[in-house]
Amino acid sequence: QIQLVESGGGLVQAGGSLRLSCAASGLTFSRYIMGWFRQAPGKEREFVAAMAWNNINTYYDNWVKGRFTISRDNAKNTVYLQMNSLKPEDTAVYYCAAALAPRAWDRSTEYDYWGQGTQVTVSS
């Protein structure tokens with residue numbers, strides 16, 4: 001059974017940092033593109049960042065460049081999202097996802113498996 005389990009969310013003040021983790025099981029982790037998405041109340045799910053198996057190729061949405069960093073540890077089957085300089089508008093449920101051969105890394109429909117999400121709340 002394939003599972004993605006996120007952790008590390010919480011309440012933080014604006015300007016603060018959080019590190020999200022996503023532990024994967026039941027799949028050959030190193031074969032998958034791993035991505036992070038988020039969904040705020042009343043809004044559609046949106047792309048945050050994604051990373052290839054080689055820990056080199058990454059893709060970020062423009063609004064997180066310079067603030068968020070995605071990384072992965074293939075030995076631990078875990079992908080991370082380091083979030084710095086958080087803003088109230090970053091408040092959302094953050095999801096990790098795995099895609100075997102996505103045609104577009106920022107398209108949620110290209111991802112095969114999803115976690116349940118972790119809440120991030122940034123207070124002003």
**Q.** Same apolar cluster: Phe68 and Trp36, side chain cutoff 4.5 Å
**A.** yes

Q) Under 3.5 Å, side chain of Glu6 to main-chain N/O of Cys22, donor-acceptor pair present? A) no

**Q.** Side chain Arg45, main chain Ser108, donor-acceptor under 3.5 Å
**A.** no

Q: Run through Tyr94, Tyr95, Phe47 and flag the one making a ring pair (Phe, Tyr, Trp, His ring centres under 6.0 Å) with Phe37.
A: Phe47

(Q) For the backbone of Ala23 and the side chain of Thr78, can you confirm whether one donor and one acceptor N or O come within less than 3.5 Å of each other? (A) no

Q) Any side-chain heavy-atom pair from Met83 and Arg67 closer than 4.5 angstrom? A) no

Q) Among the clusters formed by ILVMFWY side chains lying less than 4.5 Å apart, do Tyr111 and Ile2 turn up in the same one? A) no

Q | Shared hydrophobic cluster, Val48 / Leu4 (ILVMFWY, side-chain heavy atoms < 4.5 Å) | A | yes

Q | For the student: nearest non-hydrogen atoms of Val79 and Cys96, plus distance | A | CG1-CB, 4.5 Å

Q.
Taking the side chain as everything from C-beta on, heavy atoms only, tell me whether Leu86 gets closer than 4.5 Å to Gln13.
A. no

Q | Exam field: side chain Glu110 to backbone Arg103, donor-acceptor pair closer than 3.5 Å | A | yes

Q: Kindly give the heavy-atom pair with the smallest separation between Ile33 and Ala50, and that separation in Å.
A: CG2-CB, 4.2 Å

Q | Tyr60 versus Ile70, closest heavy-atom pair with distance | A | OH-N, 2.9 Å

Q: Return yes when atom CH2 of Trp114 has more than 12 non-hydrogen atoms of other residues, nucleotides or ligands closer than 6.0 Å, and no otherwise.
A: yes

Q) Under a 4.5 Å cut-off applied to non-hydrogen side-chain atoms, are Tyr80 and Asp73 in contact? A) yes

Q. Does Lys87 reach the side chain of Trp63, with side-chain heavy atoms less than 4.5 Å apart?
A. no

Q. What pairs with Tyr32 under ring-ring contact (aromatic ring centres under 6.0 Å, His included), at least two apart in sequence or on another chain?
A. none

Q) Is Tyr59 reaching over with its side chain to a backbone N or O of Ala104, donor-acceptor style, under 3.5 angstrom? A) no

Q.
Tell me the closest heavy-atom pair linking Ser17 and Asn84, and the distance in Å.
A. OG-OD1, 2.9 Å

Q: Could you grab the distance from atom CG of Asn77 to atom OG1 of Thr28, nearest 0.5 Å is fine?
A: 9.0 Å

Q.
Just verifying a value: how many Å separate Arg38 CZ and Gln119 CD, rounded to the nearest 0.5 Å?
A. 11.5 Å

(Q) Would you say CD of Glu89 has more than 12 non-hydrogen atoms from neighbouring residues, nucleotides or ligands within 6.0 angstrom? (A) yes

Q) OG/Ser85 to CG/Asp90 distance, rounded to the nearest 0.5 angstrom? A) 9.5 Å

Q: Please name all residues satisfying ring-ring contact (aromatic ring centres under 6.0 Å, His included) with Tyr113, sequence neighbours left out, ordered by chain then number.
A: none

Q. Looking at Leu81, Val93, Leu20, which hits side-chain contact (heavy atoms from CB on, under 4.5 Å) with Val120?
A. Leu20

Q | Over all atoms of both residues, closest heavy-atom pair of Ala14 and Pro88 | A | CB-CD, 4.1 Å

(Q) Under a 3.5 Å distance rule, please check whether Asp106 uses its side chain to pair with a backbone N or O of Asp61 as donor and acceptor. (A) no

Q | Same apolar cluster: Trp105 and Val64, side chain cutoff 4.5 Å | A | no

Q | Side-chain donor or acceptor of Arg72 paired with backbone N/O of Ala52 under 3.5 Å | A | yes

(Q) Tell me whether Leu100 shares a hydrophobic cluster with Met51, the cluster being built from Ile, Leu, Val, Met, Phe, Trp, Tyr side chains joined at under 4.5 Å. (A) yes

Q. What are the two closest heavy atoms between Met34 and Ala98, and how far apart are they?
A. SD-CB, 3.6 Å

